[in-house]
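This chain uses plain numbering: 1 for the first residue, then up along the sequence. Ligands are counted one by one from 1 in listed order, and the atoms in each one are counted from 1 as well.
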Amino acid sequence: MSDVSIKQILAAAGPITDLTVQGWVRTVRRGKGVAFMALNDGSCLDSLQIVVDLNRPGCESVADIGTGASLQVRGELVASPAEGQSWELQAESLLLVGASDSDYPLQKKQHSFEYLRTIAHLRPRANTFGAVFRIRSALSFAVHRFFHERGFLNLHSPIITASDCEGAGEMFRVTTLDDLQPPQLDGKIDYGKDFFGEETGLTVSGQLEGELFATAFKNIYTFGPTFRAENSNTSRHTAEFWMIEPEMAFCDLAGDCSLAEEFLRAMVTCALEECADDLRFFDQRIEKGLIERLQSLSTAQFATMTYTEAVAQLGKAKQTFDYPVVWGADLQSEHERYLTEQVVGGPLFVVDYPKEIKAFYMRRNDDGKTVAAMDLLVPRVGELIGGSQREERFDLLQNCMRENGIAEKSLEWYLDIRRWGSCPHAGFGLGFERLLMYLTGMENIRDVIPFPRTPGNAKF
Ligand code: 4AD
Ligand code: MG
């Protein structure tokens, strides 16, 4: 194995003799006695130009090399006379490691994203997806770095759980019961006989466990896969996505919003500083002006308005909406986008939502009607973050659970936290794929996750 990447080679300070590189052929051009190949190894957007003298012993096999083939080349790195690249590799020997043929689907330069989704096993080799998944990897590391630098404990919350945190009934079931003849009790499936002795599913959020850990470690975060069986075939929803959930003890809603703002700015800075080449590609090909938009975010004020103010703004709007706007109704994505794009023109926290449209655990405000919730809305994407201050008062939480039809027995452990050493605490959840959409300009969530899980689609 050669451990030098094409990214390192292209940044070389001077010529290098006896250099070995490996990668996949992006293009081959054959001329008189000479062939040019673009070799890419995923380390960066650019490929390394390989120049092959066809008469040179050891280089004859180039005749068999097609787009998509894997190759090992040894040669000399020299300054390139060609425009747009500083270096090229003059091949001295070529080893065709894995052949390719004319059926290889990525021959053409441009394919639609829809088509590329049908070949999700090969699309990482396309330029756009190379850039997407490099940014995804860099940002994933930056998430951990952000919290690590601030002393947050990383919690691995469970994937299999018996509690539907959001109470929206969107859990995928996990069971080992016989599918055709499950045991019955009183005309219903008897989950008491199931593997865990109760009904379980894949987690919709690590928040409840996060709260438990926050009351021991003060500041914690989770960053893991999250599952929702919501049948919404939109460009912003997937059944499996990755969520970042910090939870802070001795913190209120204002502190929660400040962390969200600091976090988003840090992610934007990371993308600008550490993924500059890939961002330039997105700026040119996907969303014109992307870099400028991101740069302006590093200094912009994030706006805040209450849900009640938001409803008033929507009521004054000149445009008509598909869904009516009335106090008490959930904001639809058309409303969210209008507020962040037209009213504010940047990130917007909407706070203090009616209690009826939010989850049971949110802290009741003194007005008796609203809860200390926040959603961060951003242009193009809509809701990027959902969070709240949590109800830390035992009696009030008990009431909220009753109002929401949640059996106390099933969440005794959650109430216990309010029994002993309760304290104000708050947190939020940020969908990692929505963040990537925001940072890259990609318009469909299916194109920023390696293998999207959506209704009817789990093939790869
Ligand atoms: O607003 P949500 O449902 O909030 C929670 O789950 C809280 N328990 C978070 C917390 O306070 N710890 O989801 C949080 C975020 C959304 O704002 C959105 O970015 C993302 O998760 N999200 C999804 N992303 C992709 N596909 C889906 N189906 C998503 N559902 C939520
Ligand atoms: Mg939400």
* **Per-residue contact class, Arg236 against ligand 1 - non-hydrogen pairs under 4.0 Å** => backbone
* To do: Mind telling me whether His335 and Tyr323 have parallel, tilted or perpendicular rings, with 30° and 60° as the class edges?
  => perpendicular
* **Per-residue contact class, Thr226 against ligand 1 - non-hydrogen pairs under 4.0 Å** => neither
* Relative to the Mg ion (ligand 2), which of the N, O or S atoms in Glu383 is the closest? -> OE2
* Should the proximity of Lys358 to ligand 1, defined as any heavy atom under 4.0 Å, be assigned to the side chain, the backbone, both, or neither? -> neither
* Asked: Which part of Tyr361 is near ligand 1, with near meaning a heavy atom under 4.0 Å away: side chain, backbone, both or neither?
  -> side chain
* Per-atom contacts of ligand 1 with Gly386, taking only distances under 4.0 Å to non-hydrogen atoms -> 1 (O), 9 (C), 10 (C), 11 (O), 17 (O)
* Decide whether the shortest distance between a heavy atom of Ile445 and an atom of ligand 1 is less than 4.0 Å. => yes
* Give the contacting part of Glu433 toward ligand 1: side chain, backbone, both or neither, where contact means a heavy-atom distance below 4.0 Å. => neither
* Side chain to side chain, Met442 and Leu436, heavy atoms closer than 4.5 Å -> no
* **Identified side chain to side chain contact (heavy atoms under 4.5 Å, CB included) partner of His425 from the options Lys218, Glu392, Met248** => Glu392
* Asked: Among Glu211, Gln207, Arg228, Met362, which residue places a heavy atom closest to atom 6 (O) of ligand 1?
  -> Arg228
* Asked: Which word best sums up how the rings of His144 and Phe223 line up, parallel for under 30°, tilted for 30 to 60°, or perpendicular for over 60°?
  -> tilted
* Under a 4.0 Å heavy-atom limit, does Phe241 contact ligand 1 with its side chain, its backbone, both, or neither? -> side chain
* Asked: Hey, would you say the Phe146 and Phe152 ring centroids sit under 6.0 Å apart?
  -> no
* What part of His237, side chain, backbone, both or neither, has a heavy atom within less than 4.0 angstrom of ligand 1? -> both
* Go through the steps for Tyr221 and Phe147 under the test ring-ring contact (aromatic ring centres under 6.0 Å, His included), then give the verdict. => CA-CA 7 Å; Tyr221 75 103; Phe147 288 112; 4.5 Å; yes
* ligand 1 atoms in contact with Met243 (distance to a heavy atom under 4.0 Å) -> 6 (O), 13 (O), 14 (C), 15 (C), 21 (O)
* Over 12 non-hydrogen atoms of neighbours within 6.0 angstrom of CZ in Phe451 -> yes
* Can you find an N or O of Glu245 that's nearer than 3.5 Å to an N or O of ligand 1? -> yes
* Salt bridge Arg280-Asp283, side-chain N to carboxylate O under 4.0 Å -> no
* Whether over 12 other heavy atoms sit under 6.0 Å from Glu274 CD -> yes
